[in-house]
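Here the structure is laid out as structure tokens; the discussion comes afterwards.
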Protein chains: 2
Amino acid sequence: MSNNRNNNPEQLAVMFKALSNPNRIRLFLRLVRCCRGGRRARTPQQACACVGELGESLNIAPSTVSHHMKELHHAGLVHMQRRGQNVDCWVDPKPLKQLARFLNKAATS
Amino acid sequence: MSNNRNNNPEQLAVMFKALSNPNRIRLFLRLVRCCRGGRRARTPQQACACVGELGESLNIAPSTVSHHMKELHHAGLVHMQRRGQNVDCWVDPKPLKQLARFLNKAATS
DNA sequence: TCTATAATTCGATATATGTCGAATAATCGC
DNA sequence: GCGATTATTCGACATATATCGAATTATAGA
């Protein structure tokens, strides 16, 4: 009721598109696993210094990883912020919950 | 726990991709509104005789609508079955709930 | 200031996608 | 069987996407 404006097809499509690629899902899952509750982790262990690290173990070129992260960022699903030489990434739970609500509604309507 | 195999990136990407286009979302929302609980509606009013009908009001060519419905179908999100000259479409709630679970988990991990 | 590390941007390229209209197929009523 | 209706398939085409490697930018440390 209050979030009808969020259910416009264009917005939804952008977010779903961000998750529509296997490699992007893998990167996203990495982030999910290393972040917590929508906040950047405080210890280096939990923080996500993304590109080189993730790209290496997933066999994707750094430039491609950067591109994918930008997609996730532009869709609003993850945040990015430079910290020294690295760029920290972390997941924003809000749009994810919104999508989950949308799907649950669709499933039970 | 029991549905770990369903969370593989390839599968997820296919389903998200099916929802990654505005027109496909619109068609999907139509289906959601005219169907109930994962079962085909019994009365003609509730059943979805899709292509011509939906295409007209959304300004999409019938062939394009057919293509989009096929995408949704191949992703497993909607069922299709011929009934006379029409092809009934209805939403399958299971994969939707699965996606919703995935997103909620990601949002609260 | 020079060097090393991390990330992004920039072309390039192959493949995928969305879309249309025309042609084809499936089905119904007569 | 014939004509009407509904849906799908078939080319065609323009645009978008995923990917790479090379060049560039940002930053930290010596």
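Numbers restart at 1 for each chain; the letters A, B, ... are given by sequence-line order, proteins then strands.
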Quick one, give me the B/S/- string for nucleotides 16-24 of chain C, reading 5' to 3', where B means a protein heavy atom under 4.0 Å from the base and S means that only happens at the primed atoms, P, OP1 or OP2.
-SSBBBB--
Could you state the [atom1]-[atom2] distance from [X] to [N], rounded to the nearest angstrom?
| X | N | atom1 | atom2 | result |
| --- | --- | --- | --- | --- |
| B/His74 | D/dT8 | NE2 | P | 11 Å |
| A/Lys70 | C/dT9 | NZ | C1' | 7 Å |
| A/Met80 | C/dA7 | CE | P | 9 Å |
| A/Asp88 | C/dA7 | CG | C1' | 13 Å |
| B/Phe16 | D/dA18 | CZ | P | 15 Å |
| B/Leu72 | D/dT8 | CG | P | 12 Å |
| B/Arg82 | D/dT6 | CZ | C1' | 7 Å |
| B/Gln81 | D/dA7 | CD | P | 14 Å |

Decide whether B/Leu19 and B/Val14 are clustered together by the hydrophobic rule: side chain heavy atoms of Ile, Leu, Val, Met, Phe, Trp, Tyr closer than 4.5 Å, transitively.
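No; tracing contacts between hydrophobic side chains, which count when under 4.5 Å, never links both residues.
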Taking the side chain of B/Gln85 as its heavy atoms from C-beta onward, which of D/dT9, C/dA7, D/dT5 lies nearest to it?
D/dT5
From [X] atom [atom1] to [Y] atom [atom2], the distance as rounded to the nearest 0.5 Å:
| X | Y | atom1 | atom2 | answer |
| --- | --- | --- | --- | --- |
| B/Lys105 | B/Asn7 | NZ | CG | 6.0 Å |
| B/Glu10 | A/Ile25 | CD | CD1 | 9.5 Å |
| B/Ser20 | A/Met15 | OG | CE | 12.5 Å |

Contact between B/Leu27 and B/Met69 at the side-chain level, heavy atoms closer than 4.5 Å - yes or no?
yes
Verify whether one side chain among A/Arg26 and A/Asn23 offers a donor that lies under 3.5 Å from an acceptor in the other.
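There is such a pair (donor and acceptor under 3.5 Å, judged by atom type) between the side chains of A/Arg26 and A/Asn23.
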Any side-chain N or O of B/Asn86 under 4.0 Å from OP1/OP2 of D/dA7?
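Yes, B/Asn86 has a side-chain N/O under 4.0 Å of OP1/OP2 on D/dA7.
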